[in-house]
Amino acid sequence: MEPLGDWRRTHWSSEITPALDGTTVTVCGWVHRIRDLGRLVFIVLRDREGVVQITIPKDKVPEHTFEKAKKLIREDVIAVRGKVRFYEKAPNNVEIIANEIRILNKVSPPLPLDPAGDVDADLDTRLNARIIDLRRPQTFAIFRINHIVLQSIREFLTNEGFIEVNTPKIIATATEGGTALFPVSYFGRQAFLAQSPQLYKEELTAALEKVFEIGPVFRAEEHNTTRHLCELVMVDLECAFATADDVMNILERLIAHVFREVKSKCSKELKILNREDLEVPGTPFPRYTYTQVLELLREHGIEIPWGEDLPTPALRKLGEILKGPYFITEWPTESKPFYIKPKDEDPKVSESFDFMWGWLELASGGTRIHNKELLIKRLKEQGLNPKSFEYHLRVFDWGMPPHAGWGLGLARLLMVICNVRNIRECVLFPRDKSRLVP
RNA sequence: GCCCCGGUGGUGUAGCCCGGUUAGCAUGCGGGCCUGUCGAGCCCGCGACCCGGGUUCAAAUCCCGGCCGGGGCGCCA
């Protein structure tokens with residue numbers, strides 16, 4: 001092992017082009033491949049942006065450089081200083097003739113998987129060695145796209161007048177009932193990990209009016225599927241003086257914006273993922289009421305009693321019928337959480353929506369109740385105790401505006417964009433019932 | 001939690017149905033040859049049957065249990 005010293009990268013591998021012929025450069029990265037021909041050694045050096053060939057001819061480089069090159073194995077960390085050479089026989093017509101190599105760190109073999117991708121590995125093996133897995137272009141592409149998705153969401157919502165906020169993830173009581181919570185010990189007191197920023201973001205509309213949060217939520221459900229995790233990142237939005245229709249409109253324009261940005265900024269990544277067919281969806285997205293969806297399913301032989309949630313096989317059938325993005329609106333009030341507003345003219349139906357992509361639910365939202373008495377009534381109807389919500393409910397005495405919002409699962413959106421089947425592919429270090437490490 | 005399928009060198013696999021070979025292949029790692037490779041090539045070597053019990057002269061192979069994994073479903077404001 002040698003120190004980095006005063007060496008700093010002058011170019012990413014992808015920036016080494018024939019136009020730099022004759023220039024001395026310093027590149028840093030990992031030994032991707034070695035082609036040792038005896039007195040001529042080729043090192044393929046890989047960094048985040050790609051690969052570049054380092055050429056070490058015995059009779060043209062210092063003796064110690066040649067000796068070091070001979071000792072390298074795959075994934076050793078090196079820095080190389082040398083002269084760029086335009087050469088037709090080299091990959092991409094360019095290579096670096098190494099003058100000096102610094103071996104910054106050695107690998108301790110065997111590696112748990114092959115970053116060069118010559119040998120396949122199971123998802124489980126890949127997740128157990130996620131850092132190595134992330135060196136594969138296919139894996140990294142997903143998270144580069146994730147970055148652009150996050151960036152474009154922030155850009156769009158900021159332009160729409162929303163303010164990004166952060167709400168507590170350690171909370172005192174069960175916020176909404178429903179999903180199971182992870183208990184934590186908070187200096188001897190019982191606390192929980194937040195399942196949703198729902199109540200906080202609603203309260204914030206009474207001051208900041210238009211807010212969004214991108215953050216983790218925690219759900220202690222023992223589900224075992226390709227679309228559920230116990231820790232997930234939600235994009236949550238809440239908007240004062242607005243209804244479900246208004247926030248659906250924001251959501252569909254946001255989705256189109258995200259797709260547009262990914263398509264224009266991630267063409268390389270989409271190509272790696274075989275997703276060059278990605279299309280920016282046209283707005284507005286189709287809207288179907290819950291009742292219309294039941295009718296549609298009935299036409300395809302699936303009978304679901306009005307009022308019940310849609311089971312997975314029904315969703316899959318729906319995904320065959322409706323391929324792209326769409327909304328399911330006007331869900332039965334009973335099947336939605338207590339804070340969702342029932343329709344004034346027909347309280348059995350709520351001003352709610354799910355945002356779907358094929359069979360996959362990406363987001364849900366609706367108009368919220370801002371009337372305290374109605375909210376208390378709905379709490380009781382859902383079997384919840386209003387006393388547990390007193391800190392939340394008192395805000396409704398302080399001038400709560402009418403408001404609406406939604407929550408969008410970030411990784412599920414990424415699944416759609418990248419066309420991957422398992423949500424674990426779209427989370428760096430996924431947490432599910434059985435996986436707590438790494 | 002339920003159902004189905006699976007578990008063989010570090011990784012990915014063949015063999016299992018129909019029990020008996022030195023458990024095959026690829027990749028990797030170690031050694032050797034090689035000055036234009038580009039998933040370099042060639043030669044030599046290293047390294048594996050998830051755990052426990054049962055059946056049998058004999059188990060990677062058949063049976064039972066456990067653990068782990070994959071898929072489906074359930075659960076999922």
Side-chain angles (χ1 to χ4, degrees), chain A residues 32-44 51-61 66 70-75 85 87-95 97 107-129 132-133 174-181 194-199 201-202 217-230 232 234 236 309-316 331 335-340 350 352 354 361 363-366 368 378-379 382-384 405-407 409 421-422 424 432-435:
Chain A
H32 187 63
R33 291 182 193 283
I34 302 158
R35 296 189 273 272
D36 184 347
L37 277 64
R39 278 169 292 169
L40 175 65
V41 180
F42 299 99
I43 305 293
V44 179
V51 294
V52 64
Q53 175 165 291
I54 312 294
T55 305
I56 304 110
K58 190 177 192 329
D59 60 6
K60 291 196 182 88
V61 303
F66 184 77
K70 282 281 190 185
K71 285 196 303 195
L72 294 171
I73 64 170
R74 282 160 60 137
E75 300 305 313
R85 181 190 185 204
Y87 189 62
E88 280 179 0
K89 286 190 192 167
N92 303 316
N93 299 326
V94 71
E95 62 189 3
I97 308 296
V107 152
S108 169
L111 292 174
L113 57 89
D114 168 24
D118 296 344
V119 182
D120 286 341
D122 295 335
L123 180 59
D124 188 54
T125 307
R126 291 169 43 211
L127 290 175
N128 281 335
I132 301 176
D133 183 43
T175 46
E176 304 165 40
T179 201
L181 300 178
Q195 65 179 112
S196 157
Q198 182 63 34
L199 304 188
K201 66 174 180 169
E202 283 195 56
V217 301
F218 306 89
R219 292 166 188 196
E221 297 291 342
E222 300 196 355
H223 30 47
N224 188 345
T225 78
T226 52
R227 64 186 193 283
H228 289 95
L229 292 172
C230 295
L232 55 136
M234 290 278 287
D236 261 283
D309 220 330
L310 305 179
T312 305
L315 289 173
R316 290 200 188 265
W331 288 77
S335 73
K336 284 291 172 182
F338 70 88
Y339 49 79
I340 286 287
S350 62
S352 59
D354 279 7
E361 177 192 332
S364 68
R368 322 302 193 182
R378 289 290 301 134
L379 272 169
Q382 300 256 354
L384 297 164
W406 43 254
R421 295 150 246 58
N422 194 322
R424 279 157 262 252
D432 59 33
K433 188 197 168 190
S434 53
R435 180 177 288 278

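Every chain is numbered from 1 and lettered A, B, ... according to where its sequence line falls, protein lines coming before strand lines. Note that the coordinates shown come from a computational prediction; the quantities given were computed from them, not determined experimentally. Atom set for the values below is all heavy atoms of this structure, side chains included, hydrogens, waters and symmetry mates excluded.
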For A:S434, report the nucleic acid contact type (base, sugar-phosphate, nothing); a contact means any heavy atom under 4.0 Å.
-> sugar-phosphate
Using the C1' atom on both, measure B:G31 against B:G47 and round to a whole Å.
-> 15 Å
What one-letter contact string describes nucleotides 24-36 of chain B from 5' to 3', where B marks a base within less than 4.0 Å of any protein heavy atom, S marks contact via sugar-phosphate atoms alone, and - marks no contact?
-> ---SSSS---BBB
Does the side chain of A:T179 pick up a donor-acceptor pair with the side chain of A:Q195 at under 3.5 Å?
-> no
Does A:L111 reach the side chain of A:E75, with side-chain heavy atoms less than 4.5 Å apart?
-> yes
Quick one: the side chain of A:H223 and the base of B:C76, do they pair up donor-acceptor inside 3.5 Å?
-> no
Hey, does the side chain of A:T125 come within less than 4.0 Å of B:G12's phosphate (OP1/OP2), counting only N and O?
-> yes
CG of A:D118: more than 12 outside heavy atoms within 6.0 angstrom?
-> yes
B:A14 to B:C49 separation - C1' atoms, rounded to the nearest Å | 13 Å
Paired with B:U55 by Watson-Crick or G-U wobble geometry, both distances under 3.5 Å: which nucleotide is it?
-> none
Whole-angstrom distance between B:U13 and B:G53, as gauged at atom P | 29 Å
When rounded to whole Å, the CZ to C1' distance for the pair A:R421 and B:G70 reads 13 Å
Would you mind reading off the distance between A:D122 atom CG and B:G10 atom P, rounded to a whole angstrom?
-> 15 Å
Can you find a side chain N or O atom of A:R424 that sits less than 4.0 Å from OP1 or OP2 on B:G70?
-> no
State whether A:K433 places a side-chain N or O below 4.0 Å from either non-bridging phosphate oxygen (OP1 or OP2) of B:C75.
-> no
With respect to the phosphate group of B:G74, does any side-chain polar atom (N or O) of A:T312 fall under 4.0 Å of OP1 or OP2?
-> yes
Distance between the P atoms of B:C25 and B:G45, in whole angstroms?
-> 11 Å
Quote, to the nearest angstrom, the P distance that separates B:A59 from B:U22.
-> 15 Å
Would you indicate whether the side-chain heavy atoms of A:D432 and A:H228 approach each other to under 4.5 Å?
-> no
Rounding to the closest angstrom, what is the interatomic distance between B:C3 and B:C46 at atom P?
-> 46 Å
A:D354 CG - B:C76 P separation (whole Å) | 14 Å
Between A:K336 and A:D354, is there a salt bridge with N-O shorter than 4.0 Å?
-> yes
G-U wobble or Watson-Crick pairing nucleotide for B:U27 (cut-off 3.5 Å, both distances) = B:G10
Report which part of the nucleic acid A:N422 touches: base, sugar-phosphate, or nothing (heavy-atom distance under 4.0 Å, all strands).
-> sugar-phosphate
Base partner of B:G19, which must satisfy Watson-Crick or wobble distances under 3.5 Å = none
Side-chain contact test, heavy atoms from C-beta onward, threshold under 4.5 Å: evaluate it for A:R74 versus A:R33 and give yes or no.
-> yes
Taking the same atom, P, in B:U11 and in B:C51, what whole-Å distance lies between them?
-> 14 Å
Could you work out the separation of B:A48 and B:G12 based on their C1' atoms and round it to a whole Å?
-> 13 Å
Could I get the full list of salt bridge (Lys or Arg N to Asp or Glu O under 4.0 Å) partners for A:E222, not counting sequence neighbours?
-> A:K433
Hey, which sits more toward the 5' end of RNA chain B by its nearest nucleotide, A:D124 or A:D236?
-> A:D124
